[in-house]
Amino acid sequence: MKTLLIVVHSLTGGSQHMAQAACAGARQEPGVTVLLKQASEVHTPDLMGAQACLFVGPETLGSITGMMKDLFDRCYYPALDHMAGKAYALMVCAGSDGQGAVRQLQRILTGWRMKEVAEPLIVCTQAQTPKAIAAPKHISENDLAQCEQLGQAVAAGLAMGLY
């Protein structure tokens, strides 16, 4: 049985909803164990035990959140020699373009020599004021459907042995 690890950190709920949708999609694929874990609860053995990872989080100040960075700070070197060739995909909940978080994650995962298997999915909430940025996020049904499709696609590739 192959494992897809979905790692999420959410500040205002948007990324959590996206990860849950991806998880629902991935769980439609037989032969794949899907684990949904908060970034703060992920440890090196979780990463090493998965054949694919889906990283989901918000963009904060043009970057990944501190908690997502903490995950990589804790696990990067212990997992370094065990991540090469593993599949990954990214989902970012952003108030504007999300590109800063995507670039940062791609740089980290390139260092692990992981294989990006899908285009990053960026959901833009248009939150531009301090009040809108701090408010709970509501992700549209269309965007949640895209998250679900990405989760299912990554799991399907894993089940088919593509990675």
Side-chain angles (χ1 to χ4, degrees), residues 2-29 32-42 46-47 50-72 75 83 85-128 132-133 135-160 162-163:
K2 294 189 176 182
T3 300
L4 169 60
L5 174 63
I6 301 175
V7 178
V8 62
H9 182 248
S10 188
L11 295 169
T12 58
S15 297
Q16 186 68 38
H17 294 301
M18 292 168 61
Q20 289 169 332
C23 185
R27 287 190 171 144
Q28 295 176 34
E29 195 60 45
V32 176
T33 299
V34 181
L35 302 175
L36 175 61
K37 292 188 122 186
Q38 298 298 313
S40 62
E41 299 172 357
V42 173
D46 300 313
L47 293 160
Q51 287 72 47
C53 297
L54 179 55
F55 296 95
V56 186
E59 180 175 63
T60 303
L61 303 173
S63 185
I64 61 175
T65 62
M67 189 56 64
M68 191 66 82
K69 173 94 170 40
D70 173 74
L71 161 74
F72 295 113
C75 299
M83 301 304 288
K86 291 186 182 202
Y88 81 89
L90 305 174
M91 295 194 314
V92 173
C93 185
S96 55
D97 70 5
Q99 292 300 314
V102 166
R103 278 192 305 276
Q104 189 177 15
L105 286 164
Q106 287 172 327
R107 286 187 71 186
I108 292 166
L109 300 171
T110 295
W112 265 347
R113 298 178 310 281
M114 291 182 79
K115 176 182 169 185
E116 190 171 39
V117 296
E119 290 293 318
L121 175 59
I122 299 171
V123 172
C124 185
T125 64
Q126 304 296 324
Q128 294 297 304
I133 291 166
K137 300 300 180 286
H138 303 283
I139 307 301
S140 74
E141 290 301 318
N142 182 53
D143 288 332
L144 290 174
Q146 290 182 55
C147 296
E148 185 174 338
Q149 291 169 0
L150 180 56
Q152 186 172 16
V154 173
L158 194 54
M160 290 188 288
L162 298 178
Y163 33 87

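Start at 1 with the first residue, then count along the sequence. Quantities reported herein were computed from a predicted structural model and do not represent experimental measurements.
The two residues Cys124 and Ser96 have their closest heavy-atom pair at SG-O, 2.9 Å. Across every non-hydrogen atom of Val154 and Ala52, the tightest pair is CG1-CB, 4.3 Å. Heavy-atom minimum distance, Ala159 versus Val32: CB-CG2, 3.8 Å. Taking all atoms of both residues into account, the shortest heavy-atom contact from Ile6 to Ala22 is CD1-C, 4.1 Å. Heavy atoms only, all atoms of each residue included: Lys37 and Val42 are closest at CB-CG2, 3.7 Å. Contact detail for Ala26 and Val34: the closest heavy-atom pair is CB-CG2, 3.7 Å.
Between Gln16 and Gln20, the closest side-chain pair of non-hydrogen atoms falls below 4.5 Å. With a 4.5 Å cut-off on side-chain heavy atoms, Leu121 and Cys147 count as touching. Side chains of Glu116 and Leu90 form a contact here, defined as non-hydrogen atoms less than 4.5 Å apart. Contact of the Phe72 side chain with the Leu109 side chain is registered, since non-hydrogen atoms from C-beta on lie closer than 4.5 Å. In this structure, Met91 and Val123 have side chains that are not in contact, with every pair of non-hydrogen atoms separated by 4.5 Å or more. Side-chain contact check for Ile122 versus Gln99: some heavy-atom pair is nearer than 4.5 Å.
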request  = Quick one: do Val8 and Gln38 satisfy side-chain contact (heavy atoms from CB on, under 4.5 Å)? Show the steps, please.
outcome  = CA-CA 5 Å; Val8 62; Gln38 298 298 313; 3.5 Å; yes
ask   = Do Leu158 and Tyr163 pass the side-chain contact (heavy atoms from CB on, under 4.5 Å) test, and can you show the C-alpha distance, the side-chain angles, and the key distance before you say yes or no?
value = CA-CA 6 Å; Leu158 194 54; Tyr163 33 87; 4.1 Å; yes
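Note that CG of Leu5 is 15.0 Å distant from OH of Tyr88, once rounded to the nearest 0.5 Å. The CG atom of Leu36 lies 6.5 Å from the CZ atom of Arg27; values are rounded to the nearest 0.5 Å. How far CG of Leu4 is from CD of Gln51: 9.5 Å, rounded to the nearest 0.5 Å. Rounding to the nearest 0.5 Å places CE of Met114 at 12.0 Å from CD1 of Ile108. Rounding to the nearest 0.5 Å places SG of Cys23 at 12.5 Å from CD of Gln152. Here the SG-CG distance, from Cys93 to Leu11, works out to 9.5 Å after rounding to the nearest 0.5 Å.
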Considering only distance and modelled atom types, tabulate donor-acceptor pairs under 3.5 Å from the side chains of residues 135-142, sequence neighbours left out.
{"unit_1": "Lys137", "atom_1": "NZ", "unit_2": "Thr12", "atom_2": "OG1", "d": "3.4"}
{"unit_1": "Lys137", "atom_1": "NZ", "unit_2": "Ala132", "atom_2": "O", "d": "3.0"}
{"unit_1": "Lys137", "atom_1": "NZ", "unit_2": "Ile133", "atom_2": "O", "d": "2.6"}
{"unit_1": "Lys137", "atom_1": "NZ", "unit_2": "Ala135", "atom_2": "O", "d": "2.7"}
{"unit_1": "Ser140", "atom_1": "OG", "unit_2": "Asp143", "atom_2": "N", "d": "3.1"}
{"unit_1": "Ser140", "atom_1": "OG", "unit_2": "Asp143", "atom_2": "OD2", "d": "3.2"}

If you look only at distance, which donor and acceptor atoms sit under 3.5 Å apart when one is on a side chain in residues 56-68 and the other is two or more places apart or in another chain?
{"unit_1": "Glu59", "atom_1": "OE1", "unit_2": "Gly98", "atom_2": "N", "d": "3.1"}
{"unit_1": "Glu59", "atom_1": "OE2", "unit_2": "Gly100", "atom_2": "N", "d": "2.9"}
{"unit_1": "Glu59", "atom_1": "OE2", "unit_2": "Ala101", "atom_2": "N", "d": "3.0"}
{"unit_1": "Ser63", "atom_1": "OG", "unit_2": "Gln104", "atom_2": "OE1", "d": "2.3"}
{"unit_1": "Thr65", "atom_1": "OG1", "unit_2": "His9", "atom_2": "ND1", "d": "2.9"}
{"unit_1": "Thr65", "atom_1": "OG1", "unit_2": "Met68", "atom_2": "N", "d": "3.3"}

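For NZ of Lys2, the number of neighbouring non-hydrogen atoms (other residues, nucleotides, ligands) closer than 6.0 Å is greater than 12.
Here the side chain of Lys86 pairs a donor or acceptor atom with the backbone of Ala50 at under 3.5 angstrom.
Taking Asp97 as the reference, nothing meets the salt bridge (charged side-chain N to carboxylate O under 4.0 Å, His left out) condition, with sequence neighbours excluded.
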